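Worksheet: the structure to be examined is printed underneath.
Bear in mind that the values here come from a model prediction, so they are computed numbers and not experimental data. Remember, it's 1-based here, ligands and their atoms both numbered in the order they're listed.
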Amino acid sequence: MAIKLYDSLSREVRELRPPHPLGAFRFYNCGPTVYAPAHIGNFRTFVINDIIRRLLELEFGASNVKHVRNLTDVDDRTIGQAQKEKRPLAEITKKWTDLFHADCASLNCIPPHVEPTATGHICEQVDMIDVLMKKGNAYRSADGSVYFKITSFPEYGALSRIKERELKITNSAFDADHKDDVGDFALWKAYKPAEDGDVKWTGPQGAAEGRPGWHIECSAMIKKHLGDTIDLHTGGVDLLFPHHENEIAQSQCCNGTTFARHWYHSEHLLVDGGTMSKSKGNYYTLGDLVTRGYSPMAVRYALLAGHPRKQLNFTLDSLHAAESALTTLRAYRATLPFTGTASDVFTPVFAALEDDLNTPAALGALFTIVNRRGGDAGSGSFDRVMFALGLKLDAPAAPTTDIPALVKALAEKRWAAKQAKNFGEADSLRRDLAAVGWTMLDSKTEYKLEPLKK
Ligand code: AMP
Ligand code: ZN
């Protein structure tokens, strides 16, 4: 079966083209900016990309896939954080990179084959900017910065379908002072001692000392590690404009060929109806949730429960449902006879995943099979499904807290009252539970007891 995926450029669901017979499938996923902990919104994007990586391996063979994901370790935000903490940039970015790796491992995300850093690719970025200046796609401004001239690339805006007028409005808030045109974007930023501390490198020819703009790093790292044309480029929906639009402009003008054959953007994770974001501070990290007693696998499961191209509102209730789904899967796995991977009983699960990554439909199909029991399901074919979803069932379950008998009895009474739609009594029992320091978190089918925070 072929993998079908929405392509943000053509705006249709298309089959992913197989890799060139002589090479691997070249897959690039924009990585995190390492100045703060990645939140579970970021991890929604990375878990979805991990499913893509797994499907590619199943489709083309593990050795025929090359996956690159960068680390943005120099930009306004990372430098700003280092300045705020009065510590070296590398110390800040290492700390958050280490946590990111640990969280990825807990969420069972397969590491990319190459994980390049922006600071490790300054020469490649400078070389690319030199080419763009020579070709007339970039110019040096009065302060020694370098800008990309968007009028030199008539296809600018094809991905985001942004019109010139909207572009001017969108960009007018940014540093318009040194540019020829407000739509132009920075390839190289001249050093500003008050803002940049000791972060600076020798620039492109004729430019001042400084640092690369954000967008050029992905173009340069892709060129180095995957070549001039890649098979799939992905990221969260916020990266579509301007980041990916700018990557296309830089790479196509420099290399003279198609940059990415397929573009995929996944939607955001929301909390209380708003986008979870580091700058807003309204986020949960994986660590926050583990501290509250949830397992990383439940977090992964909950992140897969919504369609990747639709926004998903995060709730703690979804984690309870996820924990119990995992318990069911563990129990089911234990009943299966030991077999190889050849069985078509789970075909509907793969069909849903390969149909534009419909993870909720895949989980639905899985539970239809699990609840039916029987068929020719065996451990091998089930483990293949768990591989595709990246669900590690041997991961430790959430720690349990000893629940006093009185609390259990109150909870049972309240649950029964709620089922009988006797909401007044249910509310009064909830208050009784709170009085003894406990709360009940309800899903549609079950509840979980949690101690109230002191
Ligand atoms: P950043 O660390 O800000 O560069 O973001 C890393 C990745 O997370 C990018 O692909 C973003 O598009 C994605 N992202 C940021 N916020 C969210 C969110 N609330 N939900 C899902 N993905 C997100
Ligand atoms: Zn990027």
Can you sort out which atoms of ligand 1 are near [X], meaning under 4.0 Å from one of its heavy atoms?
X      : result
Gly236 : 10 (O), 12 (O)
Phe46  : 6 (C), 7 (C)
Leu239 : 9 (C), 10 (O), 12 (O)
Arg77  : 3 (O), 4 (O)
Thr45  : 10 (O), 13 (C), 21 (C), 22 (N), 23 (C)
His39  : 16 (N), 17 (C), 19 (N)
Thr275 : 19 (N)

Practice problem: Just do the side chain to side chain contact (heavy atoms under 4.5 Å, CB included) check on Leu159 and Ser8 with the steps written out, would you? | Solution: CA-CA 7 Å; Leu159 179 69; Ser8 317; 4.1 Å; yes
With respect to [X], determine whether any N or O atom, backbone or side chain, lies less than 3.5 Å from an N or O atom of ligand 1.
X      : result
Gly235 : no
Glu267 : no
Leu269 : yes
Pro32  : no
Asn42  : yes

Practice problem: Please confirm whether Arg309 makes a cation-pi placement over Tyr6, using NZ or CZ under 6.0 Å from the six-membered ring centre and within 45° of the ring normal. | Solution: yes
Exercise. Using the side chain to side chain contact (heavy atoms under 4.5 Å, CB included) rule, pick out the option among Leu289, Asp103, Leu286 that qualifies with Pro296.
Key: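 When Leu289, Asp103, Leu286 are each tested with Pro296, the side chain to side chain contact (heavy atoms under 4.5 Å, CB included) holds only for Leu286.
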Quiz item: In this structure, which one of Ile52, Thr359, Asn358 forms a side chain to side chain contact (heavy atoms under 4.5 Å, CB included) with Leu353?
Solution: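 It is Thr359, the one option of Ile52, Thr359, Asn358 that forms the side chain to side chain contact (heavy atoms under 4.5 Å, CB included) with Leu353.
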Quiz prompt | Gln311 atom CD, over 12 foreign heavy atoms within 6.0 Å | solution =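 Yes, because the 6.0 Å sphere around CD of Gln311 holds more than 12 heavy atoms from other groups.
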Exercise. Kindly indicate, with the supporting measurements, whether the criterion side-chain hydrogen bond (donor to acceptor under 3.5 Å, both in side chains) is fulfilled by Asp288 and Thr285.
Key: CA-CA 5 Å; Asp288 292 336; Thr285 62; 3.3 Å; yes
Quiz item: Of the options Tyr284, Tyr294, Tyr283, Phe43, which is the one that meets Phe314 in a ring-ring contact (aromatic ring centres under 6.0 Å, His included)?
Solution: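 Of Tyr284, Tyr294, Tyr283, Phe43, ring-ring contact (aromatic ring centres under 6.0 Å, His included) with Phe314 is met by Tyr284 alone.
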Quiz prompt | Sole residue of Asp75, Thr119, Asp76 in side-chain hydrogen bond (donor to acceptor under 3.5 Å, both in side chains) with Arg211 | solution =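 Of the listed residues Asp75, Thr119, Asp76, the side-chain hydrogen bond (donor to acceptor under 3.5 Å, both in side chains) partner of Arg211 is Asp76.
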Practice problem: Mind checking whether Lys280 contacts ligand 1 via backbone (N, CA, C, O), side chain (CB onward), both or neither, at a 4.0 Å heavy-atom cut-off? | Solution: neither
Exercise. Report the part of Thr33 (side chain from C-beta onward, or backbone N, CA, C, O) that has a heavy atom under 4.0 Å from ligand 1; answer both or neither where that applies.
Key: both
Quiz prompt | Angular separation of Glu247 OE2 and Cys30 SG about the Zn ion (ligand 2), given to 10° | solution =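 The two atoms form an angle at the metal of about 100°.
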Practice problem: Please calculate the NE2(His243)-the Zn ion (ligand 2)-SG(Cys218) angle and round it to 10 degrees. | Solution: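 Roughly 110°, rounded to 10°.
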Quiz item: Are the charged groups of Lys189 and Asp196 less than 4.0 angstrom apart, N to O?
Solution: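 No, no charged N to carboxylate O under 4.0 Å.
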Is there a heavy atom of [X] sitting under 4.0 angstrom from any atom of ligand 1?
X      : value
Tyr283 : no
Asp238 : yes
His265 : no

Measure from the Zn ion (ligand 2) to each N, O or S atom of [X] and report whether any distance is below 2.8 Å.
X      : value
Glu217 : no
His244 : no
His215 : no

Quiz item: What residue and heavy atom of the protein are closest to atom 21 (C) of ligand 1, and at what distance?
Solution: Gly41 O, 2.8 Å
Quiz item: Among all protein non-hydrogen atoms, which one is nearest to atom 19 (N) of ligand 1, and what is the separation to 0.1 Å?
Solution: Met276 O, 2.8 Å
When the ring planes of [X] and [Y] are compared, do they come out parallel, tilted or perpendicular, using 30° and 60° as the limits?
X      : Y      : value
Phe25  : Phe60  : parallel
Trp214 : His243 : parallel
Phe27  : His67  : parallel

Quiz item: Quick one: CZ on Arg17 to CG on Asp231, what's the gap to the nearest 0.5 Å?
Solution: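 Atom-to-atom, Arg17:CZ and Asp231:CG are 8.5 Å apart.
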Self-check item: Centroid-centroid distance, Phe259 to His233, less than 6.0 Å
Solution: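 Here the rings of His233 and Phe259 have centres that are less than 6.0 Å from each other.
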